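Next up is a structure, given as structure tokens.
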Amino acid sequence: MSKITMKTPLVEIDGDEMTRVLWELVKEKLLLPFIDLKTEYYDLGLLNRDDTDDKVSAESAHAILRLGVGVKCATITSNSARQEEYGLKHLHPSPNATIRAILDGTVFRKPITVSCINPSVSTWKAPIVIGRHAYGDVYKAAEMAVDGPGKAELVYTGENGKEQRMTVAEFKGAGIVQGMHNYDSSIRSFARACFLYALEEKLPIWFASKDTISKIYDGRFKAIFGEVYETEFKEKCTTAGISYFYTLIDDAVARVVKGEGGFLWACKNYDGDVMSDMIASASGSLAMMTSVLVSPSGVFEYEAAHGTVQQHYYRWKKGEKTSTNPVALIFAWTGALAKRAELDNTPELADFAKKLETAVLHTIEEGEMTSDLAKLANPVPVTTLNSWEFIEAVRRRIQVLQETGL
Ligand code: NAP
Ligand code: MG
């Protein structure tokens, strides 16, 4: 069987812990035997980020801007515990925050559904897709601790020297203070990305914020979303039968757990972070959630929505073959390969990506799955597979699909 060729390389961003172990395995068993895989490789493992003073994170984002499509493994966000564990020179910002700050854009997170797993919310009939604004707010905030009485102010100095100033708080003792920002241009491209996605996927769209409390900040989000809808998308949405609905975030949460699902939920950065994990868990498993960053510059970054699965990694290091679910990692690769194929016009590669997804879904639906899914499956599978056995079960199926051309 000749291998599928690629025209343009993908930006491959390696990561940490259990996902790094699975990354290698997925490539070795499911990709390299079938594709003449071309990638430009960036090692965002914690030690290499530390060795390069984190320059590698920004370089990987610029490579995505240059090549158009990237695929990323999960990475550790360093904190003091990690600094001690890995003997780091410095604490570095989250690589995802660094990459998103360079690419801007919106992250779409969609659960991967299989027939044998029902969502924990019994009323959901179709998946809920999260559209998470990937720029600013608390992820790009300036914050500090103050150690005694004093006044904290918010000061803006215009280019013309004109000043706007207001008091944040009069401190009577020690405390904390934070300044967040966002740009109209970024909010506008977030809104556009969401409406375009909703039209492409034929999904109703919801947007929620807390504009009753945050009248200026969240108020601006609400206003821009409404304006983009009215001026650019209302007609197209009406023609396509797609509705746009704005509500308060707490109301949205209440409606989500009582509703039928089947819509795009546009969320501000923090809401999207929290709600996507809720949607993923309630839909089955964190490991069954795809994630793609769509940048206004027209480039794409695919990843799994979950983290590095730290506790499984420690067990793997002790010699255990863990039952860590690699499905979202595999779908990060298939998403990236399919997008590469679309941009390069290489239908053979697109076909392979689709078949690999089919092979994964069939494997699970035919009763072969990792333990996170086995706990939820109906019918209950006879045995539970570890990651190596699961990937081998997928490999057998993709091999057949490739050989028979079905
Ligand atoms: P996590 O890696 O997502 O894991 C949380 C828990 O979810 C796991 O302990 C496991 O539950 C379950 N889980 C997640 N993925 C799974 C999979 N593929 N298969 C089976 N179970 C899975 O989150 P975390 O433990 O909070 O974070 C670990 C590290 O990941 C942190 O250093 C964090 O900074 C980083 N992180 C990175 C990203 C990213 O790069 N995109 C995102 C989030 C977190 P059980 O233990 O019950 O099996
Ligand atoms: Mg998160």
Side-chain angles (χ1 to χ4, degrees), residues 13-23 25-26 42-47 49-50 54 56-57 60-61 70-86 88 91-100 103 107-109 111-112 117 130 132 134 139 269-270 272-293 301-316 320-333 335 360 364 369-377 384-391 394:
I13 305 177
D14 210 343
D16 289 301
E17 300 194 313
M18 204 58 214
T19 41
R20 189 179 179 105
V21 175
L22 295 177
W23 191 259
L25 194 66
V26 165
Y42 291 84
D43 183 1
L44 264 61
L46 191 50
L47 287 175
R49 275 184 274 144
D50 200 46
D54 204 27
V56 67
S57 300
S60 71
V71 57
K72 181 181 171 291
C73 183
T75 45
I76 292 170
T77 299
S78 57
N79 57 19
S80 53
R82 297 302 204 158
Q83 184 166 25
E84 199 172 316
E85 182 182 358
Y86 284 82
L88 304 177
L91 285 184
H92 303 288
S94 143
N96 285 330
T98 302
I99 293 170
R100 285 170 198 157
L103 301 184
V107 178
F108 292 98
R109 291 196 166 158
I112 303 161
I117 295 183
I130 298 274
R132 170 182 172 190
Y139 301 85
N269 209 346
Y270 175 79
D273 187 352
V274 177
M275 294 308 162
S276 69
D277 279 15
M278 187 271 280
I279 298 288
S281 304
S283 306
S285 161
L286 262 184
M288 298 291 280
M289 187 78 149
T290 62
S291 182
V292 55
L293 174 69
E301 184 214 17
Y302 292 81
E303 60 167 350
H306 61 77
T308 60
V309 216
Q310 184 179 3
Q311 297 309 322
H312 291 214
Y313 178 64
Y314 296 148
R315 298 197 331 248
W316 175 79
E320 182 183 326
K321 290 233 157 160
T322 59
S323 185
T324 316
N325 186 339
V327 169
L329 282 181
I330 299 173
F331 273 63
W333 277 99
V360 168
I364 299 169
M369 64 193 83
T370 47
S371 60
D372 55 321
L373 298 182
K375 279 183 253 171
L376 309 164
T384 301
L385 305 188
N386 67 39
S387 308
W388 288 259
E389 293 163 339
F390 178 78
I391 287 173
V394 175

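By convention here, the first residue in the shown sequence is residue 1. As the structure lists them, so they are numbered: ligands from 1, and atoms in each ligand from 1. A quick note: this is a predicted structure, and the numbers were derived from the prediction, not measured. Reckoned from all heavy atoms, side chains included, excluding hydrogens, waters and symmetry mates.
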Flag for Asn96-Ser94: side-chain donor and acceptor within less than 3.5 Å = no

Flag yes if more than 12 heavy atoms outside Tyr270 fall under 6.0 Å of its OH atom; otherwise flag no.
-> no

Which ligand 1 atoms does Lys72 reach within 4.0 Å, using its non-hydrogen atoms?
-> 40 (O)

Does one side chain, of His92 or Ser78, offer a donor that lies under 3.5 Å from an acceptor on the other?
-> no

With heavy atoms only and a cut-off of under 4.0 Å, state how Gln311 meets ligand 1: side chain, backbone, both or neither.
-> neither

Closest to atom 14 (C) of ligand 1 by heavy-atom distance, out of His306, Lys375, His312, is His306

Would you please determine whether Glu17 falls within less than 4.0 Å of ligand 1 on a heavy-atom basis?
-> no

Do any nitrogen or oxygen atoms of Thr324 lie less than 3.5 angstrom from nitrogen or oxygen atoms of ligand 1?
-> no

CD1 of Ile130 to CD1 of Ile279, rounded to nearest 0.5 Å, is 4.5 Å

Less than 3.5 Å between some nitrogen or oxygen of Val309 and one of ligand 1, yes or no?
-> yes

Ligand 1 atoms in contact with Asn325 (distance to a heavy atom under 4.0 Å) = 17 (C), 18 (N), 19 (N), 20 (C)

Closest contact, heavy atoms only, Arg100 versus Ala134 | CB-O, 3.3 Å

Taking atom types as modelled, is there a side-chain donor on Arg109 or Ser291 under 3.5 Å from an acceptor on the other?
-> yes

Could you tell me which residues satisfy side chain to side chain donor-acceptor pair (under 3.5 Å) with Thr384, sequence neighbours excluded, listed by chain and number?
-> none

Polar-atom distance check: Thr308 versus ligand 1, any N or O pair below 3.5 Å?
-> yes

Distance only, no hydrogens: is a donor on one side chain within 3.5 Å (strictly under) of an acceptor on the other, for Tyr313 and Asp16?
-> no

For ligand 1, the portion of Arg82 having any non-hydrogen atom under 4.0 Å away | side chain

Quick one: list whatever passes side chain to side chain donor-acceptor pair (under 3.5 Å) with Ser387, sequence neighbours left out.
-> none

Ligand 1-proximal atoms of Glu303, by part, heavy-atom distance under 4.0 Å | side chain

For atom 7 (O) of ligand 1, which candidate among Asn96, Val327, Leu286 provides the closest heavy atom?
-> Leu286

N/O separation below 3.5 Å, Thr77 to ligand 1 | yes

Relative to the heavy atoms of Gly307, which atoms of ligand 1 are at a distance of less than 4.0 Å?
-> 1 (P), 2 (O), 3 (O), 30 (O), 36 (N), 37 (C), 38 (C), 42 (C), 43 (C), 44 (C)

